[in-house]
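This report concerns only the one structure given below.
This is a predicted model, so every value here is computed, not measured.
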Amino acid sequence: MDSSMIGTPVFTATELRPATQTGWLHALMRQLRDRAERLARERLARRTLRSLSHLDAHTLRDIGLDASELSSAALEVARRIEATRWHIWSPQRARC
């Protein structure tokens with residue numbers, strides 16, 4: 001090895017892969033992550049609905065729900081729809 005090789009980069013710019021070639025992999029990983037998050041939210045909504053449906057009407061009234069609101073409440077907990085009952089379940093309200 002002669003002194004002219006010292007400091008020479010191992011790879012030249014033309015040998016490196018452009019970032020666009022790996023862009024599809026990042027897009028695929030993002031889609032998989034989004035799908036996994038969506039499935040987790042759906043499971044949470046189903047578990048919440050199942051739990052709420054086991055409560056009697058008096059208990060539901062105590063927590064501020066009616067039997068007709070169970071599915072929307074479960075979807076709100078799972079953040080699948082906008083929370084309209086947030087003021088009821090808010091941590092600030094629980095401190096009172």
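With rounding to the nearest 0.5 angstrom, the CG atom of Leu65 is 11.0 Å from the OG1 atom of Thr59. Atoms CD and CH2, on Gln31 and Trp24 in that order, are 12.0 Å from each other to the nearest 0.5 Å. Separating the CZ atom in Arg30 from the CG atom in Leu25 is a distance of 10.5 Å, to the nearest 0.5 Å. Expressed to the nearest 0.5 Å, how far CD of Glu42 lies from CZ of Arg80 amounts to 4.5 Å.
Under the side-chain hydrogen bond (donor to acceptor under 3.5 Å, both in side chains) criterion, Ser51 pairs with no residue at all, not counting sequence neighbours. Applying the side chain to side chain contact (heavy atoms under 4.5 Å, CB included) test to His58 and every residue at least two apart in sequence or in another chain returns Asp56, Arg61, Asp62. Taking Asp34 as the reference, nothing meets the side-chain hydrogen bond (donor to acceptor under 3.5 Å, both in side chains) condition, with sequence neighbours excluded. A search for side chain to side chain contact (heavy atoms under 4.5 Å, CB included) contacts involving Arg47 returns Arg43, Leu44, Arg50, not counting sequence neighbours. In this view, Ile81 and Ser72, Leu75, Glu76 satisfy the side chain to side chain contact (heavy atoms under 4.5 Å, CB included) rule, not counting sequence neighbours.
Contact between Ala74 and Ala45 at its shortest, heavy atoms only, is CB-O, 3.5 Å.
Between Ile63 and Leu55, some side-chain heavy-atom pair lies under the 4.5 Å cut-off. Here the side chains of Asp66 and Leu60 are not in contact, with every heavy-atom distance at 4.5 Å or above.
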